[in-house]
There are 2 protein chains.
Amino acid sequence: MNIYDLIEQLRADPDLAPKIRTTTHAKGSQIIKQGEVCGDVIFLRKGLAQMSYVTFEGKEWIKSFFAENAIMGARRCQILGEPSHFAITCLEDCEITAVPYDGLRKLAARAPDLMAIFFDFNEQVSMRKEKREYEFLCLSAQDRYQGFLEDYAHIVPRLTQAQIASFIGITPIALSRIRKRINQAESRGVVGAQ
Amino acid sequence: MNIYDLIEQLRADPDLAPKIRTTTHAKGSQIIKQGEVCGDVIFLRKGLAQMSYVTFEGKEWIKSFFAENAIMGARRCQILGEPSHFAITCLEDCEITAVPYDGLRKLAARAPDLMAIFFDFNEQVSMRKEKREYEFLCLSAQDRYQGFLEDYAHIVPRLTQAQIASFIGITPIALSRIRKRINQAESRGVVGAQ
DNA sequence: GACTGGCATTAACCCGGGTTTATTGGGCAT
DNA sequence: ATGCCCAATAAACCCGGGTTAATGCCAGTC
């Protein structure tokens, strides 16, 4: 199910339709700011975005990337109405459609097929988070990096090393060292083509 | 909503009722083994259990603890029918009620209030996982330990240091060093009662 | 009381990653 | 071509946590 069909389905509801807004955001701007409340479910039509925490010391740790056709939101705001612990920032110019969560939740209560879609969506998110927990618990930084290159191959070309490092939980310097190690291992291990 | 009421509600369904089994498991035994398929949703009536990964090198990393009145299961098995990446092990003698996920899922599709319960349950799990991701990304081992003591105060007395260490992603030796640091800081900082 | 096994702690050593600072090199505007 | 900015790399140093092995400390049990 792509988000365009889903948004069409939401627009069909007369209560919800007037609350649905489509907007554009320039690269670098923030769709949700850390510490603010935003109860919207955000459908990313175009562009690339990240969710990230900024710590007291001013360091930024990226918790997720989102590309075209993704669904984002701050669960904490949606469910509890409390301020978001993280920000959503545009890494490229973005086009989004925002739908208030409570309206969506009410509609879903009346529309079992919609509830099922979000139920399945939650399951997908759960499984991604489970994998990420596994990687932090059991894998080294190098293993996490190599796993990232595979899993996110489609967006890797659009990211900087610093962004990738922040996502796997290390500094850009440490990532640079890891890349060096990998290159050295490869040049030692691989016999030249001729 | 406690699990006893929920189980009663599930038993009311004639299709599902015969598939519901209540069993006991001795301390140390495994309810789900790593690498095996178990599509059950497991209601923990009594006892204490853990979910954990065992790596190639034989090290065990604990991903969650569950006490009385908790709901557990391997999402991967339930949703995809694939082998579980982790095991569920009893830390005390346990009494559980197991319900097949697909039956539950079908019933939920017909019973919106049940779907809503599981939807909310998923939201709770999502928020816990989000917190855990934050802790691994942004906090030091010491901060994670002190956070654990607060969040899990009710089960801390039932756990060993090694289990706590495994949960926060360090070795028991490292945890012992952290505890020493904390004690020293306290004895320096706190003025005696008299 | 002596033996045993499991848990927690300690010490000694090593290594990966953080920190700081400096260098390189590629885009891009003027 | 020049100068600027930023991403990426490199070098030097430090520290937290892993590893191994030894010690202390109970609680059972015979």
Side-chain angles (χ1 to χ4, degrees), chain A residues 26-28 48 50 52-62 65 89-92 135-149 155-187, chain B residues 26-29 48 50 52-62 65 89-93 135-149 155-187:
Chain A
K27 173 176 175 175
L48 186 67
Q50 67 173 29
S52 66
Y53 303 102
V54 176
T55 66
F56 333 96
E57 305 97 35
K59 294 174 90 175
E60 179 180 62
W61 295 113
I62 298 175
F65 295 111
T89 309
C90 301
L91 301 180
E92 302 172 357
E135 291 171 341
F136 275 106
L137 264 181
C138 299
L139 300 187
S140 66
Q142 177 164 339
D143 290 341
R144 290 203 299 276
Y145 173 62
Q146 293 181 307
F148 180 84
L149 293 185
I155 58 164
V156 165
R158 296 157 77 180
L159 301 173
T160 66
Q161 302 299 329
Q163 284 158 352
I164 297 174
S166 173
F167 181 78
I168 62 177
I170 59 177
T171 60
I173 294 95
L175 179 55
S176 182
R177 281 190 290 236
I178 287 172
R179 286 159 56 84
K180 189 179 179 184
R181 250 184 272 155
I182 293 173
N183 285 335
Q184 286 176 348
E186 275 180 359
S187 60
Chain B
K27 173 177 175 175
S29 65
L48 186 67
Q50 66 172 30
S52 66
Y53 303 102
V54 176
T55 65
F56 332 97
E57 305 96 36
K59 295 175 89 175
E60 179 181 61
W61 295 112
I62 297 175
F65 295 110
T89 308
C90 300
L91 300 179
E92 301 173 356
D93 292 348
E135 290 172 339
F136 274 105
L137 263 181
C138 300
L139 300 187
S140 67
Q142 177 165 338
D143 290 341
R144 291 203 299 276
Y145 173 62
Q146 292 181 307
F148 180 84
L149 292 185
I155 58 164
V156 165
R158 296 156 77 180
L159 300 173
T160 66
Q161 302 300 330
Q163 283 157 352
I164 296 173
S166 173
F167 181 77
I168 62 178
I170 60 177
T171 60
I173 294 96
L175 179 55
S176 182
R177 282 190 291 235
I178 287 172
R179 285 158 58 83
K180 191 180 179 183
R181 274 202 298 264
I182 293 173
N183 285 336
Q184 286 175 349
E186 275 179 0
S187 61

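Per chain, numbering begins at 1; letters A, B, ... match sequence-line order. All values below come from the heavy atoms of this structure, side chains included, with hydrogens, waters and symmetry mates left out.
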Excluding sequence neighbours, so at least two apart, what forms salt bridge (Lys or Arg N to Asp or Glu O under 4.0 Å) with Arg179(B)? none
Contact list for DNA chain C against residues 165-176 of chain B - heavy-atom distance below 4.0 Å: Ile173(B), Ser176(B)
Do Ser166(A) and Glu60(A) have a side chain donor and acceptor closer than 3.5 Å? no
DNA chain D: first to last nucleotide in contact with chain A (atom under 4.0 angstrom from a heavy atom), 5' to 3', is dA8(D) to dA12(D)
Atom pair CD1/CZ of Ile168(B) and Phe136(B) - distance to nearest 0.5 Å: 8.0 Å
Residue pairs, two or more places apart or on separate chains, that pass side chain to side chain donor-acceptor pair (under 3.5 Å) and touch residues 167-177 of chain A: none
Given 3.5 Å as the limit, does a donor-acceptor pair link the side chain of Asp93(B) with the main chain of Lys27(B), or not? yes
Is any side-chain heavy atom of Leu91(A) closer than 4.5 Å to a side-chain heavy atom of Arg158(A)? no
Checking Phe167(B) now: which residues fulfil ring pair (Phe, Tyr, Trp, His ring centres under 6.0 Å) with it, not counting sequence neighbours? Phe65(B), Phe148(B), Tyr152(B)
Nearest heavy-atom approach of Arg144(A) to Glu135(A) is CD-O, 3.6 Å
Nearest-Å distance for atom pair OH/P, residues Tyr145(B) and dA8(C): 10 Å
For a quick check of understanding: with a heavy-atom distance under 4.0 Å over all strands, which category does Arg177(B) fall into, base, sugar-phosphate or nothing? base
Heavy atom of residues 155-162 of chain A under 4.0 Å from DNA chain D: which residues? Thr160(A), Gln161(A), Ala162(A)
Rounded at 0.5 Å granularity, tell me how far CG in Leu149(B) sits from CD1 in Ile182(B). 7.0 Å
Gap between atoms CD and P, on Gln184(B) and dT9(C) respectively (whole Å): 13 Å
Please give me the minimum heavy-atom distance between Ala141(B) and Ile178(B), naming the atom from each residue. CB-CD1, 3.8 Å
